[in-house]
Peer 1: 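Here's a structure for you.
Computation of the quantities below employed the complete heavy-atom set of this structure, encompassing side-chain atoms and omitting hydrogens, waters and symmetry-equivalent molecules.
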Amino acid sequence: MKEQHVTGMDIVPPNQTSGAVKTDPMQLELPAVVIACGRFKSGKTVALVNLLSKLPIDRLLWVGHSYLSNKRMLEGLPIDEEEDVFTDTDDVALIDRIVAIVQKEADDLVEYEEKLKRYRAMMKKLKDSSALTTLCDEDLDDFLCLATQTFEPPKHRWNGRRPVLAAVFDDCIGSALFSKPRKLNMLTTGSRHLGKFKDGRPALGINLFFTVQSLKCQSGGLNKCIRLQCTAYLIFKTFNEDELSSLWEQCASDVTREQFDAVYDQAINGGDVSHPFLLIDLNKKREHPNSVAVEQVAAPSGKGHRSPAQLAALEVARKKAIASRTSMANERKLEKIESTLAAIRQPKQAPSPPPAPVEPVAEPAETAETVVEPAPDVEEPEEEIRYVKKAKAAPKKPKKRIVVVEESSDDEEEIEVRLPPKRKGKRATRAEHDDGDERYEKTMRDLFSL
C-alpha cells in the first residue's frame, strides 16, 4: 500500500487530559470505568475494596444498600458516611447530587487559589509601614484569626491539590438507577469531564466502579452504553456459557474464543486463591506487558481472508445455528456458514507444473495385429430418486338429482337437473332473486307434468 504524508495535517494531542491521574506502572490507569461481574458470593466487593485501597483516591462515594452490611470492610476507604453514602438506589436524583459534589470540589479549589493569591498580596503589603491603612475589610475577615491575633493563610481540604474522586455502584441491578438509565448514561459518558474550570484547565472528573451479578439483564441491568465505556473488567467464576460468550464478545474479541477460555481457566483454576478473578485492562499502559499472544493465521488476502476473531465468531454462529435448526431458514443459514468455513480452511492448492513435451514415437516397420479389448464396464452413478407426495385433489361435488315417483306406479324415474350456477362477486338484487324463483317454479312444473 502506498502512503503519502500530507504536510500540515498532523494531529497534535493536548498536553493534559481531563481526569488524568498518575498511578503505579502496574496499576490501572485513571480515569477509569470498571465493571466487576460475578455471581452471588463470588468476592466482587472484596476484590473491589482491595483494588480501591491501592489507587490514589481522595474521596469515594458509595451507592448501594449494602453499605451497612459491609461497613467494617470499608473502614479503610476514604468514605464520609454523612455526605458520601447513598443507600436509596431508586432515587434517580442522586446522580444530580453526585455531579454537584464533583463541581463543588472544583469550585472550592478555584476559591482556595484566589484566596491564596490575595493572602500573598496582603502579606506583601504588610512589609510597608503604611500597609494597615490599605487593608480591605474582606482580607481582614478572611485571614485575621481573632484567637491568635495573627493573619493565617487560607485552608483547603486537599492542600491545594486536585482531588481524585470515585463512585461505586454496588449491586444496583433492578433499581431505578439502572431501569431508567438516562442520567446514569450521561454520568458514565461524561464522567471525566465533570468538575469543570472556567479558565479552561482539564476537569477533575470522577472514576466509576460497578459491581453486577450479570453482564446482561432483561431489565434493570447495565445497558450497552455503559458497557462500551468500560476500561477494565473483573471477571469472576461463572458456570454460564452464554455469560462467558458475552464477556468474550464484549472485552476480548481481538483474540479467539479458545485463547480467551485458556486465559480465563488459568486465572480461575490455575492457583490456590479463595476468590479468583480475571482482570482485563482495556486501557493498556506502556509499562504493561503485551496482550495475549495471537498466532498469525496465514490466509490468502482478498475475499476469503478472515481474522482469527472472525473465524471464532463463525464457529460460535455455527454452534448456535445447530442448536436452533428448527426451520428451513436456519438450515440454509447453517449450510452457508459451514460452506464459508470449509472454503476458508481448505488449503490452497499449488499450481500444477506444465506438461512435459511429448517426444515423437517412430512407427514400427511391420504393422502388428491390433487387438481391440472391450472397454471395462463403468458403473454409472445412480440417479437420485426423490419421492414427492402429491396433494390430494378436492373431492367432486355430487350432482344434484330429483327423483319423480308416480302415485299409481312403483317405478321411479331419475332425471338429472342442472340448476343455474351461483354468481360470484356482487350480491344479487331483489329482482334477480324473484327471477330465479320463477325459473325454479317453472322447472318444477315441467317435471311434474311428465
Side-chain angles (χ1 to χ4, degrees), residues 28 32-51 63-66 89 168-175 177-179 181 184-185 188 208-271 273-283 291-292 294 307-325 330 337:
L28 295 179
V33 178
V34 181
I35 296 177
C37 180
R39 58 191 179 90
F40 173 69
K41 296 180 66 176
S42 60
K44 303 185 297 295
T45 307
V46 175
L48 187 60
V49 168
N50 282 269
L51 175 62
V63 181
H65 51 78
S66 62
T89 56
V168 175
F169 294 83
D170 187 30
D171 285 338
C172 296
I173 283 184
S175 63
L177 284 176
F178 286 7
S179 301
L184 187 60
N185 290 345
T188 307
L208 302 179
F209 298 84
F210 298 89
T211 62
V212 292
Q213 296 185 3
S214 177
L215 189 64
K216 294 182 180 180
C217 187
Q218 292 182 353
S219 62
L222 283 178
N223 55 35
K224 188 176 181 180
C225 178
I226 298 176
R227 297 197 305 269
L228 289 177
Q229 306 303 318
C230 182
T231 59
Y233 283 90
L234 277 71
I235 304 174
F236 292 79
K237 189 173 185 178
T238 179
F239 300 98
N240 192 335
E241 184 65 25
D242 294 337
E243 188 77 14
L244 277 179
S245 299
S246 301
L247 290 168
W248 168 68
E249 294 173 359
Q250 186 70 35
C251 57
S253 58
D254 56 338
V255 299
T256 63
R257 177 60 191 276
E258 290 77 10
Q259 291 171 331
F260 174 76
D261 290 342
V263 174
Y264 173 79
D265 184 69
Q266 176 66 23
I268 299 300
N269 304 317
V273 184
S274 58
H275 299 288
F277 64 91
L278 172 63
L279 173 62
I280 300 179
D281 189 1
L282 303 178
N283 200 3
S291 304
V292 179
V294 181
S307 64
Q310 292 173 331
L311 288 173
L314 285 173
E315 284 288 351
V316 173
R318 186 180 69 85
K319 292 178 181 179
K320 290 183 179 180
I322 292 175
S324 61
R325 53 179 181 183
N330 290 336
I337 294 173

Peer 1: Does some side-chain heavy atom of V34 sit less than 4.5 Å from a side-chain heavy atom of L208?
Peer 2: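 L208 does not reach V34 side chain to side chain.
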Peer 1: Can you list everything that forms a side-chain hydrogen bond (donor to acceptor under 3.5 Å, both in side chains) with D261? Sequence neighbours excluded, please.
Peer 2: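 D261 satisfies side-chain hydrogen bond (donor to acceptor under 3.5 Å, both in side chains) with R257 only.
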Peer 1: Between CD of Q213 and CD of E243, what distance do you get to the nearest 0.5 Å?
Peer 2: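 One finds 10.5 Å between CD of Q213 and CD of E243.
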Peer 1: Applying side chain to side chain contact (heavy atoms under 4.5 Å, CB included) to Y264 and T238, what does each step give before you reach the verdict?
Peer 2: CA-CA 10 Å; Y264 173 79; T238 179; 3.6 Å; yes
Peer 1: Are side-chain heavy atoms of I280 and V263 found at a separation under 4.5 Å?
Peer 2: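 Side chain of I280 against side chain of V263, heavy atoms only: no contact under 4.5 Å found.
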Peer 1: Please report the closest heavy-atom contact between G64 and C172, naming both atoms and the distance.
Peer 2: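 Looking at all heavy atoms of both residues, the shortest contact is CA-SG, 4.5 Å.
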Peer 1: How many angstroms lie between atom CD1 of I35 and atom CZ of F210, to the nearest 0.5 angstrom?
Peer 2: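 Between atom CD1 of I35 and atom CZ of F210 there are 7.0 Å.
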Peer 1: Quick check for you: to the nearest 0.5 Å, what is the distance between I173 atom CD1 and D171 atom CG?
Peer 2: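 Going from the CD1 atom of I173 to the CG atom of D171 covers 7.5 Å.
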Peer 1: Roughly how far, to the nearest 0.5 Å, is CZ of F277 from SG of C37?
Peer 2: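 Going from SG on C37 over to CZ on F277, the span is 13.5 Å.
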Peer 1: Considering residues at least two apart in sequence or located in another chain, which fulfil the side-chain contact (heavy atoms from CB on, under 4.5 Å) criterion with S42?
Peer 2: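 By the side-chain contact (heavy atoms from CB on, under 4.5 Å) rule, S42 matches R39, K44, F236.
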Peer 1: Indicate yes or no: at least one non-hydrogen side-chain atom of Y233 is less than 4.5 angstrom from one of L278.
Peer 2: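 SC-SC contact between Y233 and L278 ruled out.
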Peer 1: Could you list the residues that satisfy side-chain contact (heavy atoms from CB on, under 4.5 Å) with S66, not counting sequence neighbours?
Peer 2: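 In terms of side-chain contact (heavy atoms from CB on, under 4.5 Å), with neighbours along the sequence ignored, S66 is linked to W62, S69, N70, D170.
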Peer 1: Please list every donor-acceptor pair under 3.5 Å in which a side-chain atom of residues 225-232 meets a protein atom from a residue at least two apart or in another chain.
Peer 2:
{"residue": "R227", "atom": "NH1", "partner": "L222", "partner atom": "O", "Å": "2.7"}
{"residue": "T231", "atom": "OG1", "partner": "V33", "partner atom": "N", "Å": "3.0"}
{"residue": "T231", "atom": "OG1", "partner": "V33", "partner atom": "O", "Å": "3.3"}

Peer 1: Is any side-chain heavy atom of F169 closer than 4.5 Å to one of L184?
Peer 2: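 With C-beta onward as the side chain, the pair touches.
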Peer 1: For the pair T256 and Q259, evaluate side chain to side chain donor-acceptor pair (under 3.5 Å) and give the outcome as yes or no after the intermediate values.
Peer 2: CA-CA 5 Å; T256 63; Q259 291 171 331; 3.3 Å; yes
Peer 1: Supply the atom-to-atom distance L279 CG to L28 CG, rounded to the nearest 0.5 angstrom.
Peer 2: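 With rounding to 0.5 Å, CG (L279) is 5.5 Å from CG (L28).
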Peer 1: Out of curiosity, I235 CD1 to I268 CD1, how far, rounded to the nearest 0.5 Å?
Peer 2: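 Answer rounded to 0.5 Å: 8.5 Å.
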Peer 1: What are the two closest heavy atoms between V212 and F178, and how far apart are they?
Peer 2: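 Scanning both residues completely, I find the closest heavy atoms to be CG1-CE2, 4.3 Å.
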Peer 1: Checking F209 now: which residues fulfil ring pair (Phe, Tyr, Trp, His ring centres under 6.0 Å) with it, not counting sequence neighbours?
Peer 2: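 So F209 forms no ring pair (Phe, Tyr, Trp, His ring centres under 6.0 Å) with any residue.
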